[in-house]
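Inspection log for the structure reproduced underneath, given as structure tokens.
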Amino acid sequence: MTTLARPDLYPTRVAGEAVPRPRLDPSVWGTHEGPLTARELERYESDGYHVFDSLLTPEEVGTYRAELQRLSEDSALLASERVVLEPDSDRLRSVFEVEKVSELFAGLLASPRLTDVARQVLGSDVYVHQSRVNYKPGFGGAEFDWHSDFETWHAEDGMPRPRAFSVSIALSENYEFNGPLMVMPGTHKTFVPSVGETPPDFHKESLRVHRITVGSPGQDHLTRLAQESGIRQIAGPAGSAVMFDSNLLHGSNGNITPFARSNIFIVYNSVENTLERPFAAERPRPQHLGNREFNGAG
Ligand code: 6CS
Ligand code: FE
């Protein structure tokens, strides 16, 4: 069966040299009213991220932390493909599509304090493209190397445009020293293609050991962008959160301290940007990594 050619606005996983190109799309779509002020939207468009000092109450944090513990002891879940283990141990690294295994987290994903922001920023109705809890345990939670999420979601999930963002909600203290999220402000405005073909079932490797070549910008581009943009470390108390554009370069260091850095990440995508076939992979990734049930986020 011949596959029809289609426009690829963000070619990546290329052979030869990767040439960064300007982003073709805004980060803030439309002029919907919503929880963020005009100034906050301007800053988000410019920096590519926005910090919420306290998105959850201390009581909610307690409830979700207990849920994290419950999930980490669920033997059926631990044996499922939703779970990714740490590369150097069999401790829990990530649990994907948490709304399918936790009614509590399903309620959080659908709560208006998040979906109202998502509709405002994405300028349309929205749905959850991906959710995950990253446990980043103490004494060895491994790093996540620098990357653009959109580069992966475009190449491997078939997301056409960067009309999506993640909200990372701290369910434990995100200290300066236990592997908090780091971003390069403003880099969401440049799309840096990755060099090299996507190996089959690449996610089975890339989600566990995130020191990868395919799917990451080259060190030359990372060096230049870091020099131009700087690096901002997003530390914050449990209950705080940061939303960041799908194409913003980010990463996090490993955690050698005793203090886990456990966060829940929720990705909202516009219903006008639903997944097609991958732009640079043989087969789509599984449902728990890239949601293909495009019902609204409630
Ligand atoms: O491949 C993905 O979809 C995941 N990988 C990383 C390192 N961040 C975004 C996402 O969870
Ligand atoms: Fe990421």
Side-chain angles (χ1 to χ4, degrees), residues 10 12-13 48-49 81-87 92-100 105 109 127-136 141-159 162 164-170 174 179-185 187-188 191-192 194 196 198-217 222 225 231-234 241-255 261-269 273 275 278-281 283-292:
Y10 296 95
T12 189
R13 311 287 165 99
Y49 69 97
E81 62 166 6
R82 270 201 183 83
V83 160
V84 179
L85 300 178
E86 285 294 334
L92 206 42
R93 179 170 171 85
S94 303
V95 176
F96 281 88
E97 210 181 22
V98 284
E99 67 275 21
K100 293 281 179 69
F105 283 133
L109 271 53
Y127 72 98
V128 174
H129 163 67
Q130 180 187 98
S131 72
R132 71 196 180 280
V133 173
N134 280 353
Y135 280 74
K136 194 172 279 199
E143 73 273 17
F144 288 87
D145 214 338
W146 289 103
H147 64 283
S148 152
D149 291 339
F150 172 68
E151 192 280 337
T152 294
W153 298 338
H154 184 69
E156 301 183 51
D157 296 337
M159 184 183 282
F165 66 84
S166 296
V167 185
S168 166
I169 307 174
N174 282 218
L181 189 75
M182 300 184 292
V183 298
M184 292 187 193
T187 53
H188 61 304
F191 182 73
V192 186
S194 172
T198 308
D201 291 336
F202 184 49
H203 59 278
K204 290 182 179 166
E205 165 196 345
S206 67
L207 292 173
R208 185 167 195 197
V209 179
H210 202 261
R211 293 183 295 277
I212 52 177
T213 50
V214 172
S216 289
L222 283 171
L225 288 164
I231 293 176
R232 162 92 197 269
Q233 188 170 264
I234 315 263
V242 55
M243 64 182 271
F244 56 100
D245 181 87
S246 59
N247 188 47
L248 185 70
L249 288 180
H250 64 286
S252 59
N253 287 319
N255 182 12
R261 190 233 64 186
S262 300
N263 292 12
I264 181 169
F265 289 75
I266 307 160
V267 183
Y268 293 98
N269 188 23
N273 191 44
L275 305 187
F279 284 86
R283 286 190 307 279
R285 298 197 300 175
Q287 162 67 22
H288 65 277
L289 295 180
N291 179 12
R292 292 176 181 273

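Counting starts at 1 for both ligands and their atoms, following the listed order.
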Any N or O of Trp153 closer than 3.5 Å to N or O of ligand 1: yes

Residue-ligand contact Asp149/ligand 1, heavy atom below 4.0 Å: yes

Name of the Asp149 atom (N/O/S only) found closest to the Fe ion (ligand 2): OD1

Geometric N/O contact Thr152 with ligand 1, under 3.5 angstrom: no

Passing option when Phe150 is tested against Phe244, Phe165, Phe279, Tyr10 for ring-ring contact (aromatic ring centres under 6.0 Å, His included): Tyr10

Ala164 backbone acceptor or donor facing Ser246 side chain under 3.5 Å: yes

Arg82 (side chain) donor-acceptor with His288 (main chain) under 3.5 angstrom: no

Nearest neighbour in protein (non-hydrogen) for atom 1 (O) of ligand 1: Arg285 NH1, 3.0 Å

Closest candidate by heavy atom, reference atom 10 (C) of ligand 1, pool His129, Gln130, His147: Gln130

Polar side-chain atom of Arg13 near backbone of Ala281 as donor-acceptor pair, under 3.5 Å: no

Carboxylate-amine/guanidinium contact Asp157 Arg292, below 4.0 Å: no

Heavy-atom pair of closest approach, residues Lys136 and Ser252: NZ-OG, 2.7 Å

For atom 5 (N) of ligand 1, the protein heavy atom that lies nearest, with its residue and separation: Leu207 CD2, 3.7 Å

Geometry at the Fe ion (ligand 2) - His147 NE2 versus His250 NE2 angle, rounded to 10 degrees: 80°

